[in-house]
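Everything on this sheet refers to the single structure shown next.
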Amino acid sequence: MYTSPHLIYFNERIEIAGEKIEDHFLFESLEAVRLACEKIELEPSFFEATTAAAFLAFSKIAADILILETGMGGRLDPTNVVPYP
């Protein structure tokens with residue numbers, strides 16, 4: 001599940017199998033996004049970077065269902081990379 005905003009801990013935004021993402025897994029995902037963006041000189045927004053980190057984390061864990069809160073919508077919303085179910 002990917003939602004926002006968080007209430008207390010950032011980890012609340014990303015849940016896998018009903019549990020908040022663990023700190024080390026969250027760090028690995030965010031760091032991978034940071035390094036990839038740095039490599040191509042891209043400066044993503046906070047929402048774009050955290051969405052990419054969530055999608056990267058989800059790509060490593062098999063799931064039957066994804067609950068995904070979108071951003072503001074529209075063609076530039078970073079959640080648009082997910083095909084319509």
Side-chain angles (χ1 to χ4, degrees):
M1 179 170 66
Y2 179 59
T3 60
S4 65
H6 59 281
L7 299 177
I8 299 172
Y9 301 105
F10 181 85
N11 304 51
E12 296 170 24
R13 292 175 178 249
I14 304 169
E15 289 191 17
I16 299 173
E19 300 290 329
K20 289 187 241 33
I21 190 170
E22 294 185 16
D23 288 339
H24 73 279
F25 192 23
L26 175 60
F27 175 79
E28 288 174 6
S29 300
L30 288 167
E31 183 66 0
V33 169
R34 186 189 70 78
L35 292 172
C37 290
E38 186 177 86
K39 187 174 183 177
I40 61 172
E41 298 180 6
L42 179 68
E43 294 185 26
S45 69
F46 177 81
F47 186 71
E48 290 167 337
T50 57
T51 300
F55 289 174
L56 181 58
F58 296 148
S59 75
K60 296 179 180 186
I61 307 290
D64 296 323
I65 296 172
L66 169 63
I67 298 171
L68 175 64
E69 178 181 343
T70 62
M72 295 295 290
R75 67 182 181 84
L76 298 179
D77 188 312
T79 61
N80 285 343
V81 298
V82 176
Y84 187 75

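These values consider heavy atoms only, across backbone and side chains, with no hydrogens, waters or symmetry-generated copies.
Separating the NZ atom in K20 from the NE2 atom in H6 is a distance of 12.0 Å, to the nearest 0.5 Å. One distance of note links OG of S29 with NE2 of H24; it measures 9.5 Å at 0.5 Å rounding. In this structure, K39 NZ and R34 CZ are separated by 13.5 Å, a value rounded to the nearest 0.5 Å.
Here the closest non-hydrogen pair linking F58 and E15 is CE2-O, 3.7 Å. The shortest non-hydrogen separation linking T3 to E12 is OG1-O, 4.1 Å. The two residues R13 and P5 come nearest to each other via the heavy atoms NH2-CA, 3.8 Å. Closest heavy-atom contact between A57 and I16: CB-CD1, 4.3 Å. Nearest heavy atom pair, residue A53 against residue V33, reads N-CG2, 3.6 Å.
Around the CD1 atom of I65, the shell of radius 6.0 Å holds no more than 12 heavy atoms that belong to other residues, nucleotides or ligands. Around CZ of F47, the count of heavy atoms belonging to other residues, nucleotides or ligands within 6.0 Å exceeds 12. Within a 6.0 Å radius of CD in E69, more than 12 heavy atoms belonging to other residues, nucleotides or ligands are found.
With hydrogens and angles left out, the side-chain atoms of Y2 and T50 include a donor and acceptor closer than 3.5 Å.
Note on V81 and F46: same hydrophobic cluster, where clusters join Ile, Leu, Val, Met, Phe, Trp and Tyr whose side-chain heavy atoms are under 4.5 Å apart, directly or indirectly. Under the 4.5 Å side-chain heavy-atom criterion for grouping Ile, Leu, Val, Met, Phe, Trp and Tyr, Y9 is connected to L7 within one hydrophobic cluster. Linking Ile, Leu, Val, Met, Phe, Trp and Tyr residues whenever their side-chain heavy atoms come within less than 4.5 Å leaves M1 and I14 in two separate clusters.
Remark: side-chain polar atoms of N11 are paired, donor with acceptor, to backbone N or O of I21 under 3.5 angstrom. Of the possible donor and acceptor atoms, one in the side chain of E48 sits under 3.5 Å from a partner among the backbone N and O of S45.
F55 places a side-chain heavy atom less than 4.5 Å from the side chain of L68.
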